Trainee: 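Handing you a structure now.
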4 protein chains.
Amino acid sequence: MSVMTGGNRVSGGERGSGRRAELLSIAAEMFAVRGVAATTVREIADEAGILSGSLYHHFESKEAMVDEILRGYLSAQLERFRRVVEAGYEPYTTVGELIHESFAALHRHRWAMAILHNEAGRLAEFDRFGYIESANREFERIWVRVLRQGQRNGVFRAGLSPRLAHRFIRDSVSASVRWYNPSGRMSVRGIAEQYTRIFRDGMVAPGGE
Amino acid sequence: MSVMTGGNRVSGGERGSGRRAELLSIAAEMFAVRGVAATTVREIADEAGILSGSLYHHFESKEAMVDEILRGYLSAQLERFRRVVEAGYEPYTTVGELIHESFAALHRHRWAMAILHNEAGRLAEFDRFGYIESANREFERIWVRVLRQGQRNGVFRAGLSPRLAHRFIRDSVSASVRWYNPSGRMSVRGIAEQYTRIFRDGMVAPGGE
Amino acid sequence: MSVMTGGNRVSGGERGSGRRAELLSIAAEMFAVRGVAATTVREIADEAGILSGSLYHHFESKEAMVDEILRGYLSAQLERFRRVVEAGYEPYTTVGELIHESFAALHRHRWAMAILHNEAGRLAEFDRFGYIESANREFERIWVRVLRQGQRNGVFRAGLSPRLAHRFIRDSVSASVRWYNPSGRMSVRGIAEQYTRIFRDGMVAPGGE
Amino acid sequence: MSVMTGGNRVSGGERGSGRRAELLSIAAEMFAVRGVAATTVREIADEAGILSGSLYHHFESKEAMVDEILRGYLSAQLERFRRVVEAGYEPYTTVGELIHESFAALHRHRWAMAILHNEAGRLAEFDRFGYIESANREFERIWVRVLRQGQRNGVFRAGLSPRLAHRFIRDSVSASVRWYNPSGRMSVRGIAEQYTRIFRDGMVAPGGE
DNA sequence: AATGAATGAGTCTTCATTCAT
DNA sequence: GATGAATGAAGACTCATTCAT
């Protein structure tokens, strides 16, 4: 068990608040597209059709909005990763599943992923966002365990650093949020498959080199 | 010929004034570490031991500083990529060389790389920074050409999208600027080798699966 | 007769609604402790367990709450002062009684006294609170009359300005609201006695100087 | 020795800055007259003939302005109190001198005194203003020592609490800042003398009661 | 080359108050 | 009597930039 288990509780407890979720969704997209700092509270409010001060009826601060957005994504995604691991597949399969789950988030939590990818470094310095680092460590633990197990089994090439390999795939996947176009011709599933093949099997054709 | 041929005042750095280069180097690190928007002109000046107003004797604007930093990196790096291609190696070798060149920039242009990785999206919207997109397209052209050639030769696995593969490796490499620690135990060369093996040969051991 | 005869909704507190008095009491303490301006309507409401908007079912405005609190204290206290005077004691005794009455208010109207001491200057500028000045003038009239009478009788030292003496004691007493601690070991009665002795008889011991 | 000894160093070290002092003086009067919270940064700037943002070229924050104003007064006044004590007069005389020094500050530090009298309670809660409490404790120590010594000598009446007596005179003096009018007919010296007589000798005429 | 003072537009945030439900 | 959403005006503070000296 670890940090992000409670997950996504909305201050004041989840109460009704279609409005709250609506505002959050507007904000998430803007934060992702323009950047958190570059998105003004007024712009969010404008987009929502209210005055900027009114946002503070729903959220304590701009920071609190970011917080809520990120917590939601991280806790849900950790949950999914854990479930994959608990399913007990072979490492070879697990790696594929993890990559698929990562890309699946591109649908469900697109903006949160983008925000995280773009601003994690800056945010992580604030105590408030300490959970980001914790979550990242947990993700790493999961990946490294699987890769290492695969190496022990002889399925994965020895001599490669599992931590480095994890970073390799993690960075690729998370950066994809910048260019992925949901209405483009490449489906998330398609991208995930290609990435899995490259990562797991390499560019080189069997007997190719 | 292409975009980034002119400029390059930084690394080339004629234009008298070691002072200028010094200021630019201070700014580059700060832009990279804190973000361009989050770095104030005053902070740069403080770090340089002058008053913020005095910076305007050297540069037209904050934007101009960013511009100068990025141009320097992009033109130099494009130059290196072109040289690799012109050397006329086999695609298998060329891929390794490109990855090595990419990581080598981690030494020479660390801050510029970081700035570009972090803010390219935002900056590219301004006309002034149109050359960023141009340079990126040129990088892509080079990569895609090599990968496609390798596929035709049968060295690289068919059925993989070269553009996607390019993004895969590009994003991984460029994100590494965020965690790479020049004084850590992993050398740039070591990382480049591991990344090359994963990308080219995959995680799976020969006969592994 | 003078100013503060009407009003007094608070202590008298007909007007149905224990709720009203309860809210007023909550507000009074907060106004006294944090300052009127620094106490937000929302904080009062929070403390009362309702939403800020709901306060407006009971009071017209925040100002109206302050008004009601102060009127209650001033009219009651003026009444008591008048009664002391009407009792027709010697000036020497009357002074003691007035000081005692002043300190007695520390029990009954602690928060109102504090508010008045802290904010009278600011409030008095508003027409609405004109009665504060009127009440203060009435208090002064009473004090000055007694002191002057004592000087004529030869009981009180000549050559002292009654108005100045009044300010002296008034300011001391009213400032005591800031440090008086109802659960401390010094009783209100004890403080009043000491103050009376200092004011009436001075620090110097008989034959001391 | 105690807290407020360094005294009044202007951030950046006292450098020139007639402007700084000028702005501070404008602010001090406004803070005193309208209250710190009720005085807006813009009003101060307007009065100074600059834009509100420009104030931040000179001071870090509104709070910093208050801080500088109060430190200046407290350190100077403590110094004067210490000098009175070190002069080694009889307690009877010392009391008179302390009262005179207190009123003398009404000329030199009128606004600081007013701010302190009005807002000390609120300010003291902030760490930044911890020195206010320290200074107040030091003032009290000085007063209590003198009064107690006088009681031991038999000059001052026994049975009176020195701490209470200190509060009595302190509160009177400091509240006088609210009604003292420099252009009125009562001189500071005159008020000080009357207060000294009341406090030391009492209202009652010798053989009066 | 640099200082020091100032600008002006903009940022997040606060808060008394209103009002339909 | 109360809720919950919103208003609108204002407040402290930031910052790239300008410019006379």
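Throughout, protein chains are lettered first and strands after them, A, B, ... in sequence-line order, and every chain is numbered starting at 1. Keep in mind the model is a prediction, meaning the values are calculated, not measured.
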Trainee: Under 4.0 Å, heavy atom to any atom of DNA chain E: which of residues 41-52 of chain B qualify?
Mentor: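 Under 4.0 Å from DNA chain E: B/Ile50, B/Leu51.
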Trainee: Tell me the interatomic distance from B/Leu55, atom CG, to F/dC19, atom C1', rounded to whole angstroms.
Mentor: 16 Å
Trainee: If you draw a 6.0 Å radius around CZ in C/Arg42, do more than 12 non-hydrogen atoms from other residues or ligands fall strictly inside?
Mentor: no
Trainee: Please state how far atom CZ in D/Arg19 lies from atom C1' in E/dA6, giving the value in whole angstrom units.
Mentor: 9 Å
Trainee: Would you tell me if any nitrogen or oxygen in the side chain of D/Arg20 comes within less than 4.0 Å of OP1 or OP2 on E/dG4?
Mentor: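 Result: no.
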Trainee: Is the backbone of A/Leu123 close enough, under 3.5 Å, to the side chain of A/Arg128 for a donor and an acceptor to pair up by distance?
Mentor: no
Trainee: On the nucleotide E/dG4, are OP1 or OP2 found under 4.0 Å from the side-chain N or O atoms that D/His58 carries?
Mentor: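 For E/dG4, neither OP1 nor OP2 has a side-chain N or O of D/His58 closer than 4.0 Å.
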Trainee: So A/His117 and B/His117, would you call those rings parallel, tilted or perpendicular, with 30° and 60° as cut-offs?
Mentor: perpendicular
Trainee: For C/Arg71, is there any backbone N or O sitting under 3.5 Å from a side-chain donor or acceptor partner on C/Ser75?
Mentor: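 The answer is yes, because a donor-acceptor pair under 3.5 Å joins these two groups.
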Trainee: Please check: side-chain N/O of C/Asn118 versus main-chain N/O of C/Ala114, any donor-acceptor pairing under 3.5 Å?
Mentor: yes
Trainee: Between F/dT3, E/dA6, E/dA16, which nucleotide gets closest to the side-chain atoms of C/His57?
Mentor: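 For C/His57, the side-chain atoms sit closest to F/dT3.
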Trainee: Distance check needed: E/dT11 P versus A/Arg34 CZ, whole Å only.
Mentor: 11 Å
Trainee: Can you tell me the distance, in whole Å, between the NZ atom of A/Lys62 and the P atom of E/dG10?
Mentor: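 Going from NZ in A/Lys62 over to P in E/dG10 covers 15 Å.
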Trainee: Between A/Glu43 (side chain) and A/Thr40 (backbone), is there a donor-acceptor pair under 3.5 Å?
Mentor: yes
Trainee: For the residue pair B/Ile115 and B/Ala28, what are the closest heavy atoms and their distance?
Mentor: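 Here B/Ile115 and B/Ala28 meet closest at CD1-O, 3.7 Å.
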Trainee: Round to a whole Å and report the spacing from CZ of A/Phe59 to C1' of F/dA6.
Mentor: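 For the pair A/Phe59 CZ and F/dA6 C1', the rounded distance is 14 Å.
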Trainee: Who passes ring pair (Phe, Tyr, Trp, His ring centres under 6.0 Å) against A/Phe129, sequence neighbours left out?
Mentor: none
Trainee: Please check the phosphate of F/dC13 (OP1 and OP2 only) for any side-chain N or O of D/Tyr56 closer than 4.0 Å.
Mentor: yes
Trainee: Quick one: on DNA chain F, does C/Leu23 or B/Thr40 contact a more 5' nucleotide (nearest heavy atom)?
Mentor: C/Leu23
Trainee: Quantified as the angle between the terminal helix axes (five pairs each), what is the overall bend of the helix from E/dA2-F/dT21 to E/dT21-F/dA2 to 10 degrees?
Mentor: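 Between the axes fitted at each end of the helix from E/dA2-F/dT21 to E/dT21-F/dA2 lies an angle of 10°.
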Trainee: At under 4.0 Å between heavy atoms, what does A/Ser54 touch on the DNA or RNA strands: base, sugar-phosphate, or nothing?
Mentor: base
Trainee: In whole Å, what is the span from the CD atom of D/Glu60 to the C1' atom of F/dC15?
Mentor: 15 Å
Trainee: Between B/Arg20 and B/Glu68, does a salt bridge (charged side-chain N to carboxylate O under 4.0 Å, His left out) hold up when you go through it step by step?
Mentor: CA-CA 11 Å; B/Arg20 190 190 183 77; B/Glu68 215 162 314; 3.0 Å; yes
